[in-house]
Amino acid sequence: MNDCPRVSIKSIGHYDGQTVRLSGWLYNLRRSGKIAFPILRDGTGFLQCVAVKAELPESTFEALRELTQESSLTVTGKVRAESRAPGGYELDVQEVTIHQRIPEEDPYPITPKEHGIDFLMDRRHLWLRSKRQFAIARIRHEVIRAVRDFFDDNGFTLVDCPIFTPAACEGTSTLFEVDYFEDEKVYLTQSGQLYNEANAMALGKVYCFGPTFRAEKSKTRRHLTEFWMVEPEMAYATLEDVKELAEGLVCSIVARVLDRRREELKILERDTSKLETVKGPFPRMSYDEAVKILQGKGSTIEWGTDFGNTDETLLTEGYDRPVMVDRYPTEIKAFYFEPDADRPELALGVDLIAPEGYGEIIGGGQRIHDLNLLLKRLEEHKLPREAFEWYVDLRKFGAVPHGGFGMGIERTVSWMCGLDHLREAIAYPRMLYRTRP
RNA sequence: UCCUCGGUAGCUCAAUGGUAGAGCAUUCGGCUGUUAACCGAAGGGUUGUAGGUUCGAAUCCUACCCGGGGAGCCA
């Protein structure tokens, strides 16, 4: 029987009627005196097995019947189509090899019952085995694949940017200082954008994808201290090109997740009708218009300030897809934004705000390409010219209009999955008061 | 950093200032189609820590520790 095929739960449907081997962990066990229903998980799915006492050696049946949650085992048995099973198939057990049996004295702590968030977060390394976390991990993987495919298929070259950086992209207040390098203060990156601009001048269309660190004392369900961001940057591009790219990317991600991760969305009980409508063109509005709309809806926002979280939710209200807001006051944006030619007090930046209260998932725009303007901005923002010398070079040697954006992976995954907290969108979230495991 | 809520059995939670309890988990017994399986029984507690008020504190007061949510900031 050892020569029967070793299969994964995901592909079990191809082996109907055949005897196969399945290796995994005991997810749950229901049993009576003469029949037992062990549910196995193997990282590709969940499958209920059926062990009938009368059809098995006494020792095999008893070993299985007395098995504990999350013990590791290999089961040999016959695949059978079963209309009562959630996945359509079951496995009739013939042989069992137990690799490790978890003793009753020190059982697996995460039972199929309810647990509090503190308890689960302390056991994040085990919590990942749960069905819900399994589904989220697979959707995150699909989102990332969709992102890479989108850029790869549209002529972008991946050029990853450094994580140790000598200067801030947007001010030093939220940077993590690294005390190691001699002669120089070095920080953990909060964006690869500045390097991306250099890369775009070399390769035209580029993107980087990696971790980002923000030393913000944020303590909300929308913030992580360490998160992943994908950042495209294009040479010879305007604000309109950036908006079109952002829209195309988001549509492509949503379509891909709907196409390939139906099972996982179902596990999460995600209302997919709210994703089906996410198609271009997205509603577009200027910051001016957005402020008027918000004031009309009772927000206390005033022109010249940034949106709060409730403002973002209000803005997308009544829309079944993300909303793009552009042309923000220069005052509240980073130093590198190109000003609007007609109204220099506005920056050619754009934010993409996801519906259902998920807020800003993309922020970007057109960058300054004029040398003198950039020098002026560096001065206004009191940024050290020396650290930005190489960045200034880009405006000295063949400067062109260019732009791009950053998209937060965890916020996007949260939106796709319908999560109510960012911490579930990454395997090991790093937050203000949580750095373990 | 500020505001706010919370900490009781392994877990999730109850308990008017007056004998600390339930469900689940665990152990034992029963059950051949269970879907968070079910039924019966048993064991399981320094009520986050330190102090105070009181005849008496899980409960009221003070300080501290730990965590949840939110604000600002941002993806």
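Just so we're on the same page: letters track the sequence lines, and every chain starts at 1.
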Quiz item: Hey, is A:Phe37 doing a stacking thing with B:G33, by the 5.5 Å centroid and 30° angle criteria?
Solution: no

Quiz prompt | All side-chain hydrogen bond (donor to acceptor under 3.5 Å, both in side chains) counterparts of A:Arg84, not counting sequence neighbours | solution = A:Glu82

Quiz prompt | Any residue meeting salt bridge (Lys or Arg N to Asp or Glu O under 4.0 Å) with A:Asp271, in chain and number order, not counting sequence neighbours | solution = A:Lys274

Quiz item: Which residues within residues 300-322 of chain A lie with some heavy atom under 4.0 Å of an atom in RNA chain B?
Solution: A:Asp306, A:Asn309

Quiz item: What pairs with A:Asn199 under side-chain hydrogen bond (donor to acceptor under 3.5 Å, both in side chains), at least two apart in sequence or on another chain?
Solution: none

Practice problem: Determine the Euclidean distance between corresponding P atoms of B:G10 and B:C3; express it in Å to zero decimal places. | Solution: 34 Å

Quiz item: Can you list every pair that meets salt bridge (charged side-chain N to carboxylate O under 4.0 Å, His left out) and has a residue in residues 283-302 of chain A, with sequence neighbours left out?
Solution: A:Glu247-A:Arg284, A:Asp288-A:Arg343, A:Lys297-A:Glu317

Quiz item: Please, what dot-bracket string fits RNA chain B when only Watson-Crick and G-U pairs with both distances under 3.5 Å count, crossing ones use [ ] and pairs to another strand use |?
Solution: (((((((..((((....[..)))).(((((.......))))).....(((((..]....))))))))))))....

Quiz prompt | Protein-nucleotide distance (A:His421, atom NE2; B:G67, atom P), rounded to Å | solution = 13 Å

Self-check item: Residue list, side-chain hydrogen bond (donor to acceptor under 3.5 Å, both in side chains) with A:Tyr207, at least two apart or on another chain
Solution: A:Asp152

Practice problem: Identify, with sequence neighbours excluded, every residue that meets salt bridge (Lys or Arg N to Asp or Glu O under 4.0 Å) alongside A:Glu312. | Solution: none

Practice problem: Pull out every residue in residues 423-437 of chain A that has a heavy atom closer than 4.0 Å to any atom of RNA chain B, ordered by number, or say none. | Solution: A:Arg423, A:Tyr433, A:Arg434

Quiz item: What residue pairs, at least two apart or across chains, pass salt bridge (charged side-chain N to carboxylate O under 4.0 Å, His left out) with a residue in residues 423-437 of chain A?
Solution: A:Asp118-A:Arg434, A:Asp122-A:Arg434, A:Arg132-A:Glu424

Quiz prompt | Interatomic distance, A:Arg30 CZ vs B:A25 P [rounded to whole Å] | solution = 12 Å

Practice problem: Answer with base, sugar-phosphate or nothing: what part of the nucleic acid does A:Arg80 contact at a heavy-atom distance below 4.0 Å? | Solution: base

Quiz item: Could you state the CG-C1' distance from A:Asp122 to B:G10, rounded to the nearest angstrom?
Solution: 14 Å

Exercise. Take atom C1' in B:A9 and the same atom in B:A42, then report the distance between them in whole Å.
Key: 15 Å

Quiz item: Who are the salt bridge (Lys or Arg N to Asp or Glu O under 4.0 Å) partners of A:Asp92, not counting sequence neighbours?
Solution: A:Arg80

Quiz prompt | Qualifying residues under side-chain contact (heavy atoms from CB on, under 4.5 Å), relative to A:Glu269, sequence neighbours excluded | solution = none

Exercise. Tell me yes or no: between the side chains of A:Gln69 and A:Thr111, is some donor less than 3.5 Å from an acceptor?
Key: no

